[in-house]
Amino acid sequence: MTDTLAQARRSLRHRPSLSTVPEGAEVSPGAGRSPARPPHKRLFEADSTGAKRRRLALSSDDELEGEEASQGRESSPEPTPRRGRGRGRATGRMSREKMSQGGESSPEPTPRKARGWAAGHGRGTSPATPSRKPGYAARSATASPRTPKAAGTPLVPSRAAGRLSTPGTPLQQARSRLHVAAVPDALPCRENEFFDIYTFVEARLLDRTGGCMYVSGVPGTGKTATMREVVRSLREASDAGHLPDFQFIEVNGMRLTGPERVYSQIIAELTGTKAVPEHAAQMLDKRFSAPAGRRRPILLMVDELDLLWTRKQNVLYNLFDWPSRRHAQLTVVAIANTMDLPERVMMNRVSSRLGLTRMTFQPYTFQQLQEIVTSRLSGLDAFDPDAVQLVGRKVAAVSGDARRALDICRRATELAETGPAEGRRLTSPKKSAALVTMEHVNGAIQEMFSSPKIMAIRSCPLLARSLLQAVVAEFQRTGLEEARLGRVYEQLAAVCRFEGITPPTLSETFGLMSGLCACRLLHAQHARHDLETRIRLNISVDDVSYAVQNVPEM
């Protein structure tokens with residue numbers, strides 16, 4: 001028995017292991033097995049020799065990669081690799097048993113490669129793969145750098161090829177000057193209105209008191225442009241030291257999602273803070289009630305005032321009540337399109353605080369429109385004087401809107417520029433330019449008053465055109481650009497009786513309204529089909545009046 005144990009120990013001591021086998025040498029299938037192993041210990045040695053050889057190749061590759069990655073690191077103790085949970089404990093027991101039997105332990109076999117998520121996070125990997133330890137921050141030179149988190153604003157490359165060129169020819173200069181957005185050097189035909197508004201605001205700034213002024217007029221008569229010119233002149237006087245410094249705030253009802261949002265916009269302009277409408281109204285009420293101290297006076301311009309109307313009219317009441325307070329130093333200039341809006345829609349408590357200071361901008365006459373266009377074209381010989389007079393007379397007969405006159409002249413300039421060469425006239429022996437003649441103006445007028453929307457109105461049935469007329473009549477009655485279907489139906493019945501036709505029923509009226517909304521001529525309140533449905537026009541009132549006046553049935 002003793003001799004048999006000694007022979008087994010000598011054979012185990014001289015048997016080569018997998019780590020000492022040279023490359024290319026073959027190992028017999030039973031070379032590395034110990035005889036008569038118990039079943040629970042044979043379980044962890046069931047791998048074949050080929051699997052061990054593949055693990056050996058993988059471990060050698062990992063060692064080469066680890067050596068390359070450790071060239072740029074500082075000298076630090078090599079981190080101990082982690083072992084798999086079950087495999088590491090079983091291998092440790094096997095090595096301890098071999099040491100107790102033969103006094104020497106064979107080299108520990110390479111642990112099985114980890115699977116899944118642990119393969120990339122240091123569990124059961126080869127010794128060349130370090131775990132996340134203090135020395136892990138050092139990265140290899142071949143690894144891709146991380147994207148830096150820059151806090152600067154990204155730059156936009158210049159687009160020199162897409163820049164607009166400076167107008168060169170007289171027609172190009174005329175087209176740029178006739179644009180509605182172009183700022184003119186002066187505002188002709190509004191000298192009296194400018195003087196009255198300037199005097200009113202100047203007196204309030206000098207006295208450091210508050211007040212309200214109501215400015216009305218049809219669209220395109222220069223209300224907003226005149227007010228902005230007044231503010232510019234007041235700025236110049238303040239910079240020169242003739243007036244105290246003030247703060248100007250402009251609010252447009254068309255740009256607000258709701259009437260109450262006016263509080264949030266005003267407090268944002270005053271303090272630079274954002275607040276919900278309820279909290280902003282409280283902050284403004286407290287600000288205008290407390291002593292002013294060294295605060296600057298405030299000039300507030302409220303454009304499109306009729307869009308701030310609500311059923312309780314709390315917004316209008318607060319806007320007109322704050323200037324009357326002692327320490328407010330607030331001057332409000334309200335602008336609307338209807339002259340008698342306070343008497344039509346405002347309550348007594350609101351209209352009384354608005355006061356009696358009124359300013360009405362009358363529609364432009366054809367002489368004034370001709371003067372406005374001529375002032376824009378000063379220094380250019382591009383328009384025929386008779387063509388300008390024709391534009392002024394045509395627009396003054398419809399609405400007196402200066403913006404429409406500028407649009408017609410600008411379109412006539414485009415027709416003259418792109419027209420045939422026969423229509424060009426020599427202005428000098430060295431220079432030729434296309435003058436805008438009567439033919440170009442007539443073509444622009446036909447295009448302007450024959451737009452797709454006007455043609456759609458003319459092609460509508462008789463009752464549909466009557467419904468549009470009823471909507472316009474309700475707008476003119478209330479002074480608002482929004483109406484309820486019940487009120488419109490009353491106006492529709494009156495229009496039909498005046499024309500001698502039978503008024504439609506409510507069901508037919510709903511059908512007519514749906515058809516006009518499908519043509520994008522009307523906007524109706526969504527998900528509502530009763531008499532309280534609110535209606536708005538998607539076109540101007542002037543287009544409706546012009547479209548229905550020459551229809552034979554009407």
Side-chain angles (χ1 to χ4, degrees), residues 164-191 217-222 225-226 229 361-455 540 542-543 545-547 549-550:
L164 297 176
S165 58
T166 305
T169 63
L171 285 178
Q172 292 177 354
Q173 296 179 12
R175 189 172 68 250
S176 62
R177 292 184 185 183
L178 291 172
H179 200 281
V180 178
V183 180
D185 298 332
L187 289 174
C189 308
R190 292 303 181 201
E191 292 81 4
V218 297
T221 53
T226 303
E229 185 66 19
F361 282 67
Q362 299 296 334
Y364 287 110
T365 62
F366 78 93
Q367 295 93 346
Q368 292 176 340
L369 292 174
Q370 185 176 355
E371 184 179 354
I372 291 173
V373 175
T374 305
S375 64
R376 295 264 183 140
L377 299 174
S378 60
L380 294 177
D381 189 12
F383 259 80
D384 190 356
D386 294 336
V388 178
Q389 184 179 2
L390 177 62
V391 173
R393 289 184 179 275
K394 284 287 187 181
V395 176
V398 177
S399 60
D401 190 346
R403 294 175 294 187
R404 177 157 296 189
L406 294 176
D407 290 337
I408 292 176
C409 292
R410 191 169 186 269
R411 179 55 184 163
T413 306
E414 295 175 354
L415 294 177
E417 189 175 9
T418 59
E422 292 81 13
R424 299 183 182 181
R425 185 186 308 172
L426 293 176
T427 57
S428 64
K430 298 181 180 179
K431 181 180 178 181
S432 64
L435 289 177
V436 181
T437 60
M438 301 280 289
E439 291 77 10
H440 301 135
V441 171
N442 283 325
I445 290 175
Q446 292 297 327
E447 291 183 4
M448 185 66 64
F449 293 105
S450 300
S451 62
K453 293 183 178 180
I454 294 179
M455 299 303 296
S540 64
D542 298 333
D543 290 340
S545 303
Y546 179 81
Q549 65 183 357
N550 296 325

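This structure is a prediction, so every number in the text was calculated from the model and none was measured. Just the heavy atoms: all of them, side chains too, but no hydrogens, waters or symmetry mates, feed the values below.
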| query | Under 4.5 Å between any side-chain heavy atoms of V441 and D386, yes or no? | reply | no
| Is the shortest heavy-atom distance from the side chain of Y364 to the side chain of R190 under 4.5 Å? | yes
| Does T365 offer a backbone N or O that forms a donor-acceptor pair with the side chain of Q368 under 3.5 Å? | yes
| remark: Residues G220 and R403: closest non-hydrogen pair is N-NH2, 3.2 Å
| message | Pair L187, T226 - check side-chain contact (heavy atoms from CB on, under 4.5 Å), show working. | response | CA-CA 7 Å; L187 289 174; T226 303; 4.1 Å; yes
| field | Interatomic distance, M438 atom CE to L390 atom CG [nearest 0.5 angstrom] | value | 4.5 Å
| Any side-chain heavy-atom pair of T374 and F383 under 4.5 Å | no
| request: Any chance you could measure S176, atom OG, to R376, atom CZ, to the nearest 0.5 Å? | output: 10.5 Å
| query | Which atom pair, heavy atoms only, marks the closest approach of A174 to L380? | reply | N-CD1, 3.7 Å
| Is there a side-chain contact between V218 and D401, using heavy atoms and a 4.5 Å cut-off? | no
| said: To check you understand the geometry: which heavy-atom pair defines the closest contact between A402 and I372, and what is its length? | reply: CB-CD1, 4.2 Å
| remark: Rounding to 0.5 Å, atoms SG (C189) and CD (Q370) come to a distance of 10.5 Å
| query | Quick one: are L415 and E447 in side-chain contact, heavy atoms under 4.5 Å? | reply | yes
| said: Ignoring hydrogens, what is the shortest heavy-atom contact between P363 and T221? Give both atom names and the distance. | reply: CA-CG2, 3.8 Å
| note | Minimal heavy-atom distance between G392 and L369, with the atoms involved, is O-CD1, 3.6 Å
| Do V436 and V388 have side chains that get closer than 4.5 Å, going by heavy atoms? | no
| field | Spacing of I408 atom CD1 and T413 atom OG1 [to the nearest 0.5 Å] | value | 12.0 Å
| request: For residues L377 and L178, determine if any side-chain heavy atom of one lies less than 4.5 Å from a side-chain heavy atom of the other. | output: yes
| query | Is there a side-chain contact (heavy atoms from CB on, under 4.5 Å) between D381 and L435 once you walk through the steps? | reply | CA-CA 8 Å; D381 189 12; L435 289 177; 4.2 Å; yes
| How close do E371 and P188 get, heavy atom to heavy atom, and via which atoms? | OE2-CB, 3.9 Å
| query | How many angstroms lie between CZ in R175 and CZ in R411, if you round to the nearest 0.5 Å? | reply | 10.5 Å
| remark: Output for pair (R177 CZ, L406 CG), nearest 0.5 Å, gives 13.5 Å
